[in-house]
2 protein chains.
Amino acid sequence: MADITSEGPSEHLGATGHSLPAASDDRPSSLVDLIGYIELFYFAYRDFTCDPDAILAQYGFGRAHHRVLHFVHRIPGLKVAELLDILKITKQSLARVLKQLVDEGFIIQKAGNEDRRERRLYLSAKGARLNDKLTQIQAKRIEGALANLGPGADALARNFLFGMITEKNRPQVETLIKGQRADTSEAVPDCNT
Amino acid sequence: MADITSEGPSEHLGATGHSLPAASDDRPSSLVDLIGYIELFYFAYRDFTCDPDAILAQYGFGRAHHRVLHFVHRIPGLKVAELLDILKITKQSLARVLKQLVDEGFIIQKAGNEDRRERRLYLSAKGARLNDKLTQIQAKRIEGALANLGPGADALARNFLFGMITEKNRPQVETLIKGQRADTSEAVPDCNT
DNA sequence: ACGTTATGTCAGCCATGTTGACTTATTGGC
DNA sequence: GCCAATAAGTCAACATGGCTGACATAACGT
């Protein structure tokens with residue numbers, strides 16, 4: 001299969017004007033029907049992240065900084081260990097960007113009240129301002145994408161994305177989405193299985 | 001807004017069992033309602049890419065190799081310049097991974113028939129086999145995500161992702177999704193605007 | 001007092017993106 | 001047939017953000 005002399009994929013994603021056609025009718029979606037998703041997901045994510053990237057670059061920051069800002073905003077008083085569990089990166093990777101954000105006054109660290117070893121993380125006003133900018137530009141893109149779809153699209157799009165997440169990670173994400181601290185015990189550490 | 005002393009986000013994404021709730025009813029989706037998408041998109045993309053990453057690692061390859069394999073499979077005889085237009089990376093970045101793929105026999109280069117300066121790219125049988133593995137594992141995840149949603153979910157999910165793509169890039173992606181060579185003239189070069 | 005825990009830090013590696021400059025082969029127009 | 005333009009390859013150098021393993025410090029709890 002997939003002979004190099006083949007003439008290329010022959011799915012008939014006919015050009016029905018402006019909307020993308022789904023997998024043809026009622027046939028179970030074949031592998032070849034789903035290839036488009038791989039591309040759509042890639043291009044969508046690339047454009048989704050490029051808006052904030054452009055803003056962050058003005059501050060000398062990158063995507064990694066964005067993630068830290070985002071989750072600290074989401075869960076004020078987040079502990080470093082919790083952030084590591086969410087991002088699933090190493091202490092060292094986090095330390096690099098976190099130090100910058102703290103040094104430049106975007107994030108504030110406070111020792112925990114009950115356990116003073118903990119460094120609880122908070123956004124400063126400056127950090128909140130930057131994060132708001134990033135959130136707004138991404139929200140605008142999402143709104144635009146939803147606007148052209150019917151009602152019910154919101155719930156369905158959320159559930160589609162949620163279903164793309166590895167099953168064991170879903171409880172953690174679901175909790176996180178509510179802005180709550182997540183129990184990470186079941187989430188997969190590396191990749192899957 | 002977003003005071004550091006705030007108690008955190010207070011959206012009521014109530015836990016309605018297993019499915020994620022959409023933005024509450026009919027109110028226009030507020031900024032805070034859309035934050036969940038940012039997280040869902042991040043986690044979904046992370047898990048989506050981790051399956052192929054694990055396989056690629058066995059070959060000493062990375063995500064960049066995957067993209068090359070994918071698009072060469074999609075459009076056999078792709079020119080290097082076309083690939084650069086699709087991936088929007090620099091010649092140097094592409095050269096590194098492409099050279100590896102060619103040297104190790106996953107991709108075959110043939111001078112163009114009409115213009116022998118062109119290097120048309122094709123998958124070898126070996127390359128096709130690897131690409132199939134990667135496609136299949138990702139297709140399985142997509143199928144799983146769609147399976148739990150109603151009919152019509154396929155079209156809607158595709159259109160949602162398509163809508164997330166920067167408008168100027170959509171014609172290129174639409175053409176690509178059909179497995180055709182894309183006219184890239186309107187697509188945005190760097191990021192947006 | 002001591003082992004555990006939370007965090008920070010050091011040195012160094014890898015993948016993949018970037019730039020600018022230069023080479024080579026080939027084409028197509030004159 | 002000459003020559004500018006084009007397709008591609010290549011070199012050196014750099015940035016970001018992952019990774020590892022090892023070790024330091026401070027605070028907690030028994």
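Chain identifiers are assigned alphabetically (A, B, ...) following the order of the sequence lines, protein sequences preceding nucleic acid strands; residue numbering begins at 1 within each chain.
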Peer 1: Roughly how far, to the nearest 0.5 Å, is OG1 of Thr175(A) from CD1 of Ile75(A)?
Peer 2: 9.5 Å
Peer 1: Between dA27(D) atom C1' and Gln109(A) atom CD, what is the distance in whole Å?
Peer 2: 16 Å
Peer 1: Arg67(A) near the nucleic acid: base, sugar-phosphate alone, or nothing, with a heavy-atom cut-off under 4.0 Å?
Peer 2: sugar-phosphate
Peer 1: Going by side chain to side chain contact (heavy atoms under 4.5 Å, CB included), Thr135(A) matches just one of Ile35(B), Leu34(B), Val32(B). Which one?
Peer 2: Ile35(B)
Peer 1: Of the nucleotides dG9(D), dA7(D), dT16(C), which has the atom closest to the Lys91(B) side chain?
Peer 2: dG9(D)
Peer 1: Which nucleotide in the list dA25(C), dT19(C), dT4(C) gets nearest to the side chain of Thr90(B)?
Peer 2: dT19(C)
Peer 1: Is His65(A) close enough to dT16(D) that one of its side-chain N or O atoms is under 4.0 Å from OP1 or OP2 there?
Peer 2: no
Peer 1: Is Glu104(A) salt-bridged to Lys126(A), cutoff N-O under 4.0 Å?
Peer 2: no
Peer 1: When you measure from the side chain of Arg119(B), which nucleotide among dA8(D), dT16(C), dC19(D) comes out closest?
Peer 2: dA8(D)
Peer 1: Taking atom types as they are modelled, would you say the side chain of Lys99(A) forms a donor-acceptor pair with the base of dG8(C) within the 3.5 Å cutoff?
Peer 2: no
Peer 1: Let me know the distance between NZ of Lys79(B) and P of dT6(D), rounded to the nearest Å.
Peer 2: 13 Å
Peer 1: Using only side-chain N and O atoms of Gln100(B), determine if any of them is under 4.0 Å from OP1 or OP2 of dA15(C).
Peer 2: no
Peer 1: Within this structure, what is the CD1-to-P distance between Ile89(A) and dT7(C), rounded to whole angstrom?
Peer 2: 14 Å
Peer 1: Where the side chain of Arg96(A) is concerned, which of dG12(C), dT18(C), dT27(C) is the nearest nucleotide?
Peer 2: dG12(C)
Peer 1: Whole Å only: how far is the CG atom of Leu83(B) from the C1' atom of dA7(D)?
Peer 2: 14 Å
Peer 1: Kindly say if Arg117(B) contacts the phosphate of dA25(C), meaning a side-chain N or O under 4.0 Å from OP1 or OP2.
Peer 2: no
Peer 1: Could you please name the option among dG17(C), dG18(D), dT27(C) that lies closest to any side-chain atom of Ser93(B)?
Peer 2: dG17(C)
Peer 1: Find which nucleotide of DNA chain D each of Lys88(A) and Glu114(A) is nearest to by heavy atoms, and output the residue with the more 5' nucleotide.
Peer 2: Lys88(A)
Peer 1: Given dG9(D), dT16(C), dT7(C), which nucleotide is nearest the side-chain atoms of Val80(A)?
Peer 2: dT7(C)
Peer 1: Name the closest nucleotide to the Glu118(B) side chain, picking from dT18(C), dA7(D), dT7(C).
Peer 2: dA7(D)
Peer 1: Hey, are Glu118(A) and Lys79(A) close enough for a salt bridge, meaning a charged N less than 4.0 Å from a carboxylate O?
Peer 2: yes
Peer 1: Could you check which of dA8(D), dT16(C), dG9(D) has an atom nearest any side-chain atom of Leu98(B)?
Peer 2: dG9(D)
Peer 1: Could you state the atom-to-atom distance from CZ of Arg116(B) to C1' of dG9(D) in whole Å?
Peer 2: 17 Å
Peer 1: Check whether Asn159(A) reaches the backbone of Ala155(A) with its side chain - one donor and one acceptor, N or O, closer than 3.5 Å.
Peer 2: yes
Peer 1: Find which nucleotide of DNA chain D each of Asp115(A) and Asp115(B) is nearest to by heavy atoms, and output the residue with the more 5' nucleotide.
Peer 2: Asp115(B)
Peer 1: Figure out the CG/C1' separation between Leu94(B) and dT19(C), and round it to whole Å.
Peer 2: 16 Å
Peer 1: Choose from dA7(D), dT7(C), dG17(D) the nucleotide whose nearest atom is closest to any side-chain atom of Arg63(A).
Peer 2: dG17(D)
Peer 1: Rounded to the Å, how far apart are Asn113(B) CG and dA7(D) C1'?
Peer 2: 16 Å
Peer 1: Are Asp47(A) and Tyr42(A) linked by a side-chain donor-acceptor pair shorter than 3.5 Å?
Peer 2: no
Peer 1: What is the distance from CG of Asp190(B) to P of dG17(C), rounded to the nearest Å?
Peer 2: 15 Å
